[in-house]
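For reference, the structure discussed in these notes is given below.
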Amino acid sequence: MTGFPILTTILLAPVAAALFMIFIPRNEGKLIKCVAAVGTFVSLALSLYVYFAYDQSLGGLQFVEKIPWIQDLGVSWFMAVDGISLPMLLLTNLIGFCAVFASWNVNNRPREFFILFCLLVAGVMGTFVAHDLFIFLLFYEVVVIPIYVMVVIWGSTKRVTKEYAAMKLTIYLLIGSAFLLVGVIALYMKSVGILGAPDMSFTALAEAGRQLSRYDQIWLFGLMLFGFGSLISMWPFHSWSPDGYAGAPTAVSMIHAGVLKKIGGYGLVKIALITLPIGAQFWAPYMAVLGVAGVAYAAFGALAVKDLKYVVGYSSVSHMGYVMLAMACLNVIGINGAVANMFGHGVMAALFFSSIGFIYEKTHTRWIPDLGGLARQTPRLAVAFMLAGMASLGLPGLVTFMPEFTIFIASFEVFGGLAVVGIAGIILCALYVLRAGANTLFGPPRPEYDHLKDISGPELVPLVVLGTVLIAGGLLPSLLFDMINSGVVPLMAQIQNVLQLGGNF
Amino acid sequence: MQIDLSLLVPEIALASLGLMVLIFGLIVPKSSRKGLGWFTTVALLLVTGLVVAGWDNQGSLYDGMFMVDRYALFFKITFLVSAFLVCLGSMRYVDDFLGDQSEYYSMLIFATLGMSVMASAGDFITLYLGLELMTISFIVLVCFRRTETKSVEAGMKYVLLAGMSSAVLLYGLSLIYGVTGSILIPEVGRAVALNPSPALMLGLVMLIAGLGFKVSAVPFHMWSPDIYEGAPTPVTAFLAVGSKAASFAVLLRVFVEALPGIWANWTMMMAILAAVTIIVGNLVAIPQTNIKRMLAFSSIAQAGYILVGLVTASEAGIKGVMFYGFLYVFATVGAFTVVGYFYNVTGSDEIKDYAGLAQRSPLMAAVMLTVMLSMAGIPPLAGFAGKFYLFKTIVDDYLWLAFIGMIMSMVSVYYYLRVVLVMYRDDPVDSTPINISGPVTLTLLIALGATLYIGIYPGPLSEIVNSAAHSFFVH
């Protein structure tokens, strides 16, 4: 399909902003922030356009751009979106745009900060629009470098040092990806043997992968599960998540918890599951158990900690447990729920981290016992915090309710008792979220916070944008679900017969 | 016998260039010798152009003693590009510390000449000739800072150890000659196929030891950290890049072409050698506090990665070696140029003194970050594409090696990031900005640009390397 390369434009807008910033004098903080905002806004506007211009009745890959890239490896610059990648793309840009405003008060070396930030956003986006495994991998790890540097320069040292947090984030991601890479290369070499010609596109690999023997599928899926699983903070490879978020600056926490870890889930669905269905079937029960273990373990972890960022860090591990559980169902409803939950959780986590960022910026503490009564002094901030909290516990009417409900339906049918344990996690979730909210926002106002200014001006952008999405997505769940469904149904149809046959092995 | 001199153009050009620079040094008064650096740099670029222009001109000379195929030509381009970058990046260093300009530049050129003879070697004599020309030039270069104890010590060590490795290599070659009755590489190949014998095995092991020394593969790597640390930094860069690439060119030529019949005996040996080299290089790099020593160990690890391509010794494997060798030039020269220039300004090679480099010179810090992560194989930098080409050849038969390679390259990120941490997080003790001179800026920009370009769009380079690797099997 020829036409305007809209996906590449979306991808390159923040990169162009970053390049432009190199030439701005380093003390022009305001201008730099404006450029970053413009860059991310262009991406956001275009991805909104793509989201609503996507023809759901047609389904499949749309807005395709394909240019041969590395001939002898069969790699092409293959950009395309479907119903699964579009919500993720939109989510990335929503959060990217809001994170610029959540970082409006970064005045220490702002130029470097926003250059790295724009590269980070572009890297995350790239994984969602690439339909070629090699290009996907290029973007998959590109995010490591900006994150490391951003955490060590602008991070905060509270319970763990920022150096520790940064190194932990990096090493976990990289070790996971080392195994993933071996799996990918092995899969690729086998696909060359099956297809007769090298081709790295998801479609071709999926076609070849499904013809692999049961044994091959199992070990390859295992490697991918480890690689993607450690990125989505699957228990027991989750421990980077709370520490990492605690050390990271607000914008990094927002992007990381909001979208970056979703790349793990996205990769599991769009690469691992579709390519290696029999492997997925073998690993599904383990995934479910690990998912539920993550839900329960992290929920208790969130109850035990007193640092706000740790609470949200653990809660995000817990929510990702639901995603794993949903994926393990291996049916349309389950995958729909998993993808929708990733979207819902992304919006919620980003709003949560941005409000915590503001609380920390104003009060210089995230320690819950030192806080209290902020609802009086900073009512708008309190609204943002509570909105995120309510979304976290899945309040009906917010975007997170329908996905969780879907997940419970799907997993109860497939796993029964295990799902009940998972559902029980909701109660714990309500407990820690409400407790954190109550102790931070309500109760008698503390005089030492009387002088605090409420969020205003640019600081309101995350609340307005993300809050709107939270509510709109809750009231009109079809906006999200129809889209996801149009992507999941054709993919699952491709592997449905393999899955049923696979049962006889 | 008709000799087609056009095939020898690069060698002739290099030899006359080297002599010319030497003579210029004698006749030009000391005060106006500064231009020699630029002269050499531009001349090397022209010679590179000559090699590129002769890309389609293949053949062999002197009854096969000297082979010019695209394989050799590609390696020559690699050597020349690295010599060019080293010259460009080292002018200021030479001015400040080395004094004698003409001898430095001419030795550099002669070393390059030795390398290009090695790449074209069709028999063992030519091979040894090139090897010694390169080694002796390097001995002079390594101890070029005559007033510096470390440099002289490094030179002495290099003399002794290089001499020993040459002896081992020669003994191995003589054993192979004794068994096969020939020194021409293709003929040795035919003889070996007919008659593999234990003496041949012994010769083979000695050959690996001799060349393993040059590429600093574990366990023949002991010399490299000391010598890398003691040698003048631009020389270290050239030693790490050129000498290594040339030895890989020879390794492939000898093993794939002369000893194909005993394939099964040596692939496992190569796999183990590669694994040990990767592991030791990366692990020992972790505790280093001197940046040159750290880079020395990391370059040992890099040699291990390149050895991975020799394990299968297929066309794909050779392609991987050449591809990685080429991108490794930019990574290494970039890193050492930063190190050398930093030493010019501050007189220190300690990692802790790099504190705040990102604020003193954003370009130097950015180049260091980029090239180190390229060596670690982080996409979208060149090293990732290179590792992809190397490891895809072994996943089928040596999956364990792929795991070791991938995991260790992630381990390497740990020590590279420590440097990044110091450069980016810390505030500088002395916050005066570092002004980078023009040629160094150019070198750094080339290294940065090439590392990004090859990483993001490896297609064109890959096509060139494919045709070069293909030519290897044609005759």
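Being a predicted model, the structure only gives us computed values, none of them experimental.
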Side chain, backbone, both or neither: which part of A:Val149 has a heavy atom under 4.5 Å from chain B? side chain
A:Phe139 portion near chain B, given a 4.5 angstrom heavy-atom threshold: neither
Can you tell me if B:Phe403 has over 12 outside heavy atoms packed within less than 6.0 Å of its CZ? yes
May I ask you to decide if the ring planes of B:Phe388 and A:Phe134 are parallel, tilted or perpendicular, using 30° and 60° as cut-offs? perpendicular
Largest heavy-atom contact set with chain B, pairs under 4.5 Å, which of A:Asp72, A:Val152, A:Leu223, A:Ile70: A:Asp72
Between A:Glu112, A:Gln71, A:Arg109, A:Lys190, who has the most heavy-atom pairs with chain B when the cutoff is under 4.5 Å? A:Arg109
Show the numbers, then the answer: is there a side chain to side chain contact (heavy atoms under 4.5 Å, CB included) between B:Leu421 and A:Tyr148? CA-CA 9 Å; B:Leu421 182 74; A:Tyr148 180 81; 3.5 Å; yes
When heavy-atom pairs shorter than 4.5 Å are enumerated against chain A, which of B:Val413, B:Asp396, B:Ile456 gives the highest number? B:Ile456
Go through the atoms of A:Ile185 and report whether side chain, backbone, both or neither lie under 4.5 Å from a heavy atom of chain B. both
Identify the two heavy atoms, one from B:Ala402 and one from A:Val182, that lie closest to each other, and give their separation to 0.1 Å. O-CG2, 3.8 Å
Contact origin within B:Leu369 toward chain A - heavy atom pairs under 4.5 Å: side chain
Heavy-atom closest pair, residues A:Lys162 and B:Arg425: CE-CD, 4.4 Å
How long is the gap from CG on B:Leu373 to CD on A:Glu141, to the nearest 0.5 Å? 10.5 Å
Is A:Leu137 in contact with chain B via its backbone, its side chain, both, or neither, using a 4.5 Å heavy-atom distance? both
Separation of B:Ile378 CD1 from A:Thr170 OG1 (nearest 0.5 Å): 9.0 Å
Is it the side chain or the backbone of B:Gln359 that comes within 4.5 Å of chain A heavy atoms, both, or neither? both
More than 12 foreign heavy atoms under 6.0 Å from OH of B:Tyr457: is that the case here? yes
Where A:Ala186 and B:Val395 come nearest, the two heavy atoms and their spacing: CA-CG2, 4.0 Å
Can you tell me which portion of B:Pro362 sits under 4.5 Å from chain A's heavy atoms? Options are side chain, backbone, both or neither. side chain
Residue from B:Met410, B:Lys387, B:Lys319, B:Met406 scoring the most non-hydrogen pairs under 4.5 Å with chain A is B:Met410
So what's closer than 4.5 Å to chain A heavy atoms on B:Phe384: side chain, backbone, both or neither? side chain
Sort A:Ile135 into side chain, backbone, both or neither according to what part of it lies under 4.5 angstrom from a heavy atom of chain B. neither
When you look at B:Lys392 and A:Leu73, which way does the side chain to side chain contact (heavy atoms under 4.5 Å, CB included) test go after all the steps? CA-CA 10 Å; B:Lys392 88 183 174 73; A:Leu73 287 181; 3.4 Å; yes
